[in-house]
Amino acid sequence: MTRARRTQGLTRRSFLARVGATGGAGAMFATMGALGLAPSAEAATKTPFQPPQPSDFRLRGRAAAKVLVLGGGVAGLTVAYELGKAGYDCTVLEARDRVGGRNLTMRGGDRLEEIGGAAQRARFSDGQYMNMGPARIAQWMTTMDYCRELGVPLEVFANSNAEALIYNESSGMTAPVKWRTAKADVYGYISELLAKATDQGALDRRLTETDKERLLSFLSSFGAIGPKSSGYAYTGTDRRGYRVDPGAGDQAGTVLGPPPSLSEVLASGVGRSFSFELGYSQAMLMFQPVGGMDAIPRALAKAVGPGRIKTGAEVTKITNLAEGVEVHYVKNGKTHLAKADYAVAALPPNILAKIPHNLGAGVQAALEYPTVVSAGKLGIEYTRRWWELEENIYGGITNTDLDTSVIWYPSYGYGTERGVLLAYYNSGRDAQTYDPLTHAQRLERALQAGAKIHGPKFRRDIAASLSIAWRRQPHLEGAWVSWPARGAEYRLLNRPQGNVYFCGDWLSYEIAWQHGAFESARKVVTELHQRVLKS
């Protein structure tokens, strides 16, 4: 350390000592944060959301405002729900015949229409359903708070399963491999390589002798590799799985044979799959509402009040006024005019961009800036849960490099007779391949892909099927959006434009998750409420 740096350090310590002596520990900690020596409260936590309350107005002698909420998805319903707590007069205008937006659960008898006139009738049996949009919730997400507050019961969603499969056809795989087997081999060989490098001194510049001992001890357990006398060789253990499971008496079980070579494991590309379960928004445990994800918007709608929600009401014009807003909408073929103090536009940006408004060219350009993403799903109800009966797969996800992307096994109804398996959930270019197809064509393509993984049984015992291409859904026309950059456009739409606010997952850092919709709604509610209180 140089003399200048030592002097600077002594100066800071002397200054902090004086602050502590005069202002106490709290003042000293705050000062340390300002100097970058300790995390400030703002950096450590975000401000907790405080729902508006009727007392906010009584104490100030003011009245709540009238608000039009454009869009009855999760974000729009949340705005109306939270503002309603303080007595705001909220009306929700929703173009579709049901609330929820992309939170859509289909059950037997439900009808699903697509742009262009195609329609499907869900023929799932009683107790079976398919979440067409969001289907899982991470523990840390605000969605969990609303489920608790609204009384929506939850159950575990199996987002990861050691018995699920990995299949990479482009890498030359001719048969799938179990997730547990692939992980054991990848971890084993990586541990072997790192142990050898450590033992041979390749990391001496980075590690002390104690560090090396600790690392080798960790690798021995992490990768199940042999001792130094074996060259730390990975030869496979029961982590790879059993050909014959352990039983009673003399049935010790038969472990799977020796692993493929390191070169073969690397060539298979199976290691690419493991980062998925480490993602902050994907790591277990995850949850789902009992009986279907639409329990969330149904609970929100009930709390808002049915008299405040107009379905089948398509917004056709938004006009910002010097005092308030005007919104034209069409319901039952007739045009209606609604007036309010404020409007919260909780529709996707690609839909808002098509609605005439007087908010300016900058707002229009910003609404057109995000890129719309395709995504699709296809569910199949089987009359027997063969994935459980024959393959011991209870929930979880099989990963592939096919254009079907993944297979989801249901996380409810374990051990019962029937189940709805998700034959694909794809997005981007893969989904664009399926967007223009009829349901029959999507089903056949999915069956061909699924048979490569599970064999002929993937085509048998089918009772019903249903698919969705979100690009072809009226009033949505996409699964979600992505921002090429979160620049001026993103910042502009995160601010009110006159008396019009924008809201949705697309204005958050958790796009395509309900958490993003909830958080954006809370942000707008807070800002609008503070504005009304100051007006």
- Query: So Arg385 and Glu391, salt bridge (Lys or Arg N to Asp or Glu O under 4.0 Å) or not? Walk me through it.
  - Reply: CA-CA 10 Å; Arg385 298 169 76 102; Glu391 302 191 29; over 6 Å; no
- Query: Given Glu149 and Tyr81, is the side chain to side chain donor-acceptor pair (under 3.5 Å) satisfied, shown in steps?
  - Reply: CA-CA 12 Å; Glu149 181 173 329; Tyr81 169 62; 2.4 Å; yes
- Message: Using side chain to side chain donor-acceptor pair (under 3.5 Å), reason through Glu277 and Gln282 one step at a time and then give a plain yes or no.
- Response: CA-CA 6 Å; Glu277 62 186 9; Gln282 300 287 2; over 6 Å; no
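With ring centers used as reference points, Phe124 lies 6.0 Å or more from Tyr129.
Looking at Glu510 and Ser281, their side chains do bring a donor and an acceptor atom within 3.5 Å of each other. If you check the side chains of Thr316 and His328, you find no donor sitting under 3.5 Å from an acceptor. Side-chain contact of Gln128 with Ser125: a donor-acceptor pair under 3.5 Å is absent, judged by distance alone. Between the side chains of Thr398 and Tyr409, at least one donor N or O sits under 3.5 Å from an acceptor N or O.
Between Arg384 and Glu390 the shortest side-chain heavy-atom distance falls below 4.5 Å. When side chains are defined from C-beta on, Glu169 counts as touching Asp401, because their heavy atoms get closer than 4.5 Å. Residues Val500 and His357 fail the side-chain proximity criterion, which asks for heavy atoms closer than 4.5 Å. Counting heavy atoms from C-beta on, the side chains of Tyr412 and Phe157 never come closer than 4.5 Å. Contact of the Trp470 side chain with the Trp480 side chain is not registered, since no non-hydrogen atoms from C-beta on lie closer than 4.5 Å.
Distance check, rounded to the nearest 0.5 Å: CD of Glu163 to OH of Tyr394 gives 10.0 Å. Summarising the geometry, atom CG belonging to Asp97 is positioned 9.0 Å from atom NE2 belonging to His475; distances are rounded to the nearest 0.5 Å.
Note on Asp505 versus Arg102: salt bridge recorded, some NZ/NE/NH1/NH2 to OD/OE distance being below 4.0 Å. Using a cutoff of 4.0 Å between basic side-chain nitrogens and carboxylate oxygens, Asp294 and Arg107 are scored as salt-bridged. Between Glu527 and Lys523, at least one side-chain nitrogen of the basic residue sits less than 4.0 Å from a carboxylate oxygen of the acidic one, meeting the salt-bridge criterion.
Distance alone, capped at 3.5 Å, is enough to place a donor-acceptor pair between the Asn103 side chain and the Met293 backbone. For the pair Ser467 (side chain) and Leu378 (backbone), a donor-acceptor distance under 3.5 Å is absent. Although no hydrogens or angles enter the test, the distance criterion places a donor-acceptor pair under 3.5 Å between the side chain of Thr143 and the main chain of His515. The backbone N or O of Pro259 lies less than 3.5 Å from no partner atom in the side chain of Asp185, so there is not a single donor-acceptor pair. With hydrogens and angles ignored, the 3.5 Å screen pairs a side-chain donor or acceptor of Thr181 with a backbone N or O of Arg240.
Relative ring orientation between Phe222 and Phe218 is described as parallel, the plane-to-plane angle staying below 30° on a 0-90° scale split at 30° and 60°. Aromatic ring orientation, Trp506 versus Phe502: perpendicular (interplanar angle above 60°, classes split at 30° and 60°).
Nearest heavy atom pair, residue Arg121 against residue Gly109, reads NH1-O, 2.7 Å.
A cation-pi arrangement is present between Arg486 and Tyr509, with the terminal nitrogen or guanidinium carbon under 6.0 Å from the aromatic centre and inside a 45° cone about the axis.
A side chain to side chain donor-acceptor pair (under 3.5 Å) with Glu477 is found for exactly one of Lys354, Arg471, Arg472, namely Lys354.
Counting only residues at least two apart or on different chains, no side chain to side chain donor-acceptor pair (under 3.5 Å) pair has a member in residues 420-433.
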